[in-house]
Amino acid sequence: MKKLYNPKTIEKKWQKVWMKQGVSKKALNKGKLYILDMFPYPSGDGLHVGHVENFTATDIYARFKRFLGYDVLRPMGWDAFGLPAENFAIKTGIHPKLKTLESIKNFKRQMKSVGLLYDWDREINTSSPEYYKWTQWMFLFLYTNGLAYKKKAKVNWCEACHTVLANEQVIDGKCDRSGDIVIQKDLEQWFFKITDFVEPTKREDGTKISGLLSGLEKIDWPESTKAAQRHWIGRSEGAEVVFYITDTEEEVRVFTTRLDTIYGCTYIVIAPEHPLVRTLESRMKNAQAVKKYIAVTKKKTDLERTELNKEKTGICLQGVEVVHPFTGERLPVYVADYVLGTYGTGAVMGVPAHDERDFIFAKKYQLEILEVIQGKEANHKEKPYTEDGTLIASKEFTGLHSEEAREKMLVWLQKEKLGRKVVNYRLRDWLISRQRYWGAPIPIIYCDDCGVVPVPEKDLPVKLPADVDFRPTGESPLVRSKSFHNVKCPKCGKKARRESDTMDTFVCSSWYYMRFADPHNIKTFASKKALATYLPVDFYIGGSEHTVLHLLYARFFTKALMKYGYLEFDEPFQKLRHQGMILAQDGQKMSKSKGNVVNPDQMVAEFGADSLRLYEMFMGPFEDMKAWNTGSIIGVRRFLEKVWRLGQRADNKQQKTKNVSLESLLHRTIKKVTEDLEELKFNTAISSLMILMNEMEKSDHISRITYQTSLVLLSPLAPHIAEELWSQLGEKKSIFFAQWPKWDTKKIAEESSIIVVQINGKVRATFQMATGSSEAEVKKVALADANVQAYTEGKAIRKIIYIKDKILSLVIGD
RNA sequence: GGGCGAGUGGUGGAAUGGUAGACACGUUGGACUCAAAAUCCAAUGCUGGCAACAGCGUGAGAGUUCAAGUCUCUCCUCGCCCACCA
């Protein structure tokens, strides 16, 4: 009796077996391999098909690598703190913890239903006290070593929600929940000193630690991701130049990368936040107007500051002048908000002839435009010339090229003590305070007598109180929990207050990959032994939305921990790849509001988990963006039906195949699948298996060995059906204990090859020849071909190129 | 404005410089069936032709080569990320 392929029953059956049997343990001789997915935020919406793409790819890779004998670590956990659960709680009154646990349960069910094989013994949840105890320990570790500090900073503030927002919550300058404009507020905030690790550093014992920049050179990451990190760090070399303020002891220091243009400097601009604005107030003739301008600027939102990109505003400080260090001329000083207080020195020199922004500003305020660099275009009156060139009107530097001029001018400045070489970075320290409930509490206590007191390690974790009203009022929800907020000072025992902010969730995800090595350790975040066994992560896969922040923060944690002797590696992720985004059928991003979201549960119910897995891998190159098309899933389902039917036909007794060409194809397929899986080329691996199965179907006889080999090749991709058919052949052990097949190069070689004859680059004939035929033999056959003769008749053959077993190229002329 | 990437049939896509369009979806025709589904077979880049075959064809144009989707240059279009960073 023929059995029908029924994914529902066989998939459930094997998932249960795998859960019981755990990850396969067999002769492991190739060493460890840590394969990691970026752990998901357990959203109430359930698993997204993009998650399935990501996790299926690592599942296939991990299963494949286990076949090859690696000791694979493949854990899964939950990035469980975060805003959606808290916002849901504000709306519904349901506690974030309950909602999160419910979401996790659902995610886990869905993951199991697509046959993802994780080491669930290592499951972690960042919102559990067992985990965030160590997140808090990380904070204390950084604090103790001077890498965490508190200072006043500008934060995003939404008036409608009465709360501080994370950067990710500010969309186009507006609150993502209320849609209200986000303004800037000054608050005391905690920072991590990520900027300390931009350049290489050393441990006390002399061990070198690569910097956030230099470390990128030795890891296998997509070039675009490395570029984005470099850009985010934004290293730029330049000069700091001193401009003295006339009739005072004060000076303005400006930062420039274009020292060569300094003879074209006709004014100076300082940021509204610049301290000199206050210092010089008494000298200003228009102090009231300046004050007013700054007040207006302060109210400006990020949105306004960026939208008014081209429009530049500012005000001249009347009565204040600076001295040009090279010419001695007196120049006016402006305050303008196009200069950022947070970058460089918060002051710039205005060179309108050679800078876009300065040009616009100078035009508006009718400032002098002096050309000092000669470019290709003669007239710069309409447009600034911003590239390098030859200096003009620059006294003794005239005639030099920009590059040389920068060096010589710097030497002069240093000699005159009017400037120095400086390197500036765009990267700023990481603000980790969040005025939110659903996060890890910052383990700090404030005492009137002792000041800032870190919570002693023995008192960790500082637990999140359960009875908190999380409705936004403008202060951290934790302030309102009396039991949490009021505490005794660990130093003097007097009344003290707990820090009421929680940590950015990115802190939790900056070290989770280490916890997986030793998830139940209660003495340390992970034992040195466990870390030495599994870390660093060998292969990391996740979305490209984490290109900058998460990956940069994780690298920072690794470097900081290494510096103080907790780790022996300075880069956490050796190899990184991003899955391409899956768009909806309409080519747009999937979103609830558009109603175009594909639900994996429905796909599993309709086509089966193996079909869903195969389809997602067959859609296109793993790293490319691709649009979903439910209509196409039927293709991979048909393929699996075919594999199933072949199983009913496979010869159970006959070990050897009689079909030489099928055997040759089998070996080519082994090679192709093995190589493609290694490179994540799942789409072509699947198509080569389709070709093999198509051929097997045409064949009169399918030997047991041929069929079994093809099942093993299929098993990482479509594990349930492979396991089922394997057992139907009478095998007692799981297919995952089988040997991964090796290809035989001799068998790959075919008996005959197709020779293509090109005449002047065009194909004129094709014929079969015995593989390995000589040029003379091929030429003889080619010239005997009627179609070839039609083209060569009466013409001289000038050149012959023969590519063995492939092409005979004839060049003919009159 | 900067960085990264991509343009190939009706669709998703394949192609170490060597027959462009593998594999799959879709479409058309046929077999099986009372019928349908499923399955199988055949065709399917465009143009002409009964056919053999010929011409054209990988965003546009040039170049290198016996041979270019692939390498080089110029340009166009689209996507993603970043963006007043001096």
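Residue numbers start from 1 in every chain, and the chains themselves are labelled A, B, ... in the order their sequence lines are given, proteins ahead of strands. Please read these numbers as outputs of a predicted model, since none were measured by experiment.
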- Message: Heavy atoms only, 4.0 Å cut-off, all strands: where does A/A227 land among base, sugar-phosphate and nothing?
- Response: sugar-phosphate

- Note on the structure: When rounded to whole Å, the OH to P distance for the pair A/Y267 and B/rA86 reads 16 Å

- Closest to the A/V348 side chain: B/rA83, B/rA86, B/rC23? B/rA86

- Message: If you take any heavy atom closer than 4.0 Å to RNA chain B, which residues from residues 683-694 of chain A end up in contact?
- Response: A/N683, A/T684, A/S687, A/M690, A/I691, A/N694

- Query: Below 4.0 angstrom, N of the basic side chain to O of the carboxylate: do A/E641 and A/R645 qualify?
  - Reply: no

- Message: What is the separation between atom CE on A/M349 and atom C1' on B/rA86, rounded to the nearest whole Å?
- Response: 9 Å

- A/Y791 side chain near B/rC53 phosphate (N/O to OP1/OP2, under 4.0 Å): no

- Query: Does atom CD of A/E356 have more than 12 heavy-atom neighbours from other groups under 6.0 Å away?
  - Reply: no

- Is there a side-chain polar atom (N or O) of A/Y338 under 4.0 Å from OP1 or OP2 of B/rA86? no

- Query: Is the shortest distance from a Lys or Arg side-chain nitrogen in A/R577 or A/D220 to a carboxylate oxygen in the other one below 4.0 Å?
  - Reply: yes

Could you list, one pair per line, each protein nitrogen or oxygen that sits under 3.5 Å from a nitrogen or oxygen of nucleotides 66-70 of chain B, together with the distance?
unit_1 : atom_1 : unit_2 : atom_2 : d
B/rC66 : OP1    : A/K799 : NZ     : 2.7
B/rC66 : O2     : A/S809 : OG     : 2.6

- Any side-chain N or O of A/R764 less than 4.0 Å from the OP1 or OP2 oxygen of B/rU19? no

- Message: What contact category does A/D358 fall into here, base, sugar-phosphate, or nothing, at under 4.0 angstrom with non-hydrogen atoms?
- Response: nothing

- Item | Dot-bracket pairing map - RNA chain B, Watson-Crick plus G-U, both contacts under 3.5 Å, | cross-strand | (((((((..(((.....[....)))((((((.......))))))((((....))))..(((((..]....))))))))))))....

- Task: Kindly say whether A/G264 contributes a backbone atom to a donor-acceptor pair with the side chain of A/T261 at under 3.5 angstrom?
- Result: no

- Can you list every side-chain hydrogen bond (donor to acceptor under 3.5 Å, both in side chains) pair that touches residues 680-692 of chain A, not counting sequence neighbours? A/D676-A/T684, A/E679-A/K681

- Message: Does A/S236 reach a base, just sugar-phosphate, or nothing at all? Heavy atoms under 4.0 Å.
- Response: sugar-phosphate

- Query: Looking at B/rU16, does its base get a donor-acceptor pair with the side chain of A/K806 below 3.5 Å?
  - Reply: yes

- Query: Base, sugar-phosphate, or nothing: which does A/F618 touch, judged by heavy atoms less than 4.0 Å apart?
  - Reply: base

- Task: Mark yes when over 12 heavy atoms from residues, nucleotides or ligands other than A/K421 sit less than 6.0 Å from its NZ; otherwise mark no.
- Result: no

- Does A/N629 make a side-chain N or O approach to OP1 or OP2 of B/rA24 shorter than 4.0 Å? no

- Would you indicate what A/I634 reaches in the nucleic acid, counting non-hydrogen atoms under 4.0 angstrom: base, sugar-phosphate, or nothing? sugar-phosphate

- Message: Please determine whether the number of non-hydrogen atoms from other residues, nucleotides or ligands lying under 6.0 Å from atom NZ of A/K594 exceeds 12.
- Response: yes

Between the protein and nucleotides 37-48 of chain B, list the N/O to N/O atom pairs that are separated by less than 3.5 angstrom.
unit_1 : atom_1 : unit_2 : atom_2 : d
B/rC40 : OP1    : A/R645 : NH2    : 3.1

- Task: Could you go through the side-chain contact (heavy atoms from CB on, under 4.5 Å) check for A/K626 and A/E53 one step at a time?
- Result: CA-CA 11 Å; A/K626 23 197 185 280; A/E53 181 191 24; 2.9 Å; yes

- Could you tell me whether the side chain of A/T257 and the main chain of A/E237 form a donor-acceptor pair under 3.5 Å? no

Protein and nucleotides 77-79 of chain B: nitrogen or oxygen contacts under 3.5 angstrom:
none

- Salt-bridge present (A/K698, A/E695; N to O < 4.0 Å): yes

- Query: Under the side chain to side chain donor-acceptor pair (under 3.5 Å) criterion, do A/T771 and A/D805 qualify, and how do the steps go?
  - Reply: CA-CA 6 Å; A/T771 298; A/D805 298 330; 5.0 Å; no

- Message: Does A/K804 have more than 12 heavy atoms from other residues, nucleotides or ligands lying within 6.0 Å of its NZ?
- Response: no

- If you look at every strand shown and take non-hydrogen atoms under 4.0 Å, does A/P222 touch a base, only sugar-phosphate, or nothing? nothing

- Presence of A/K762 side-chain N/O under 4.0 Å of B/rG18 phosphate oxygens OP1/OP2: no

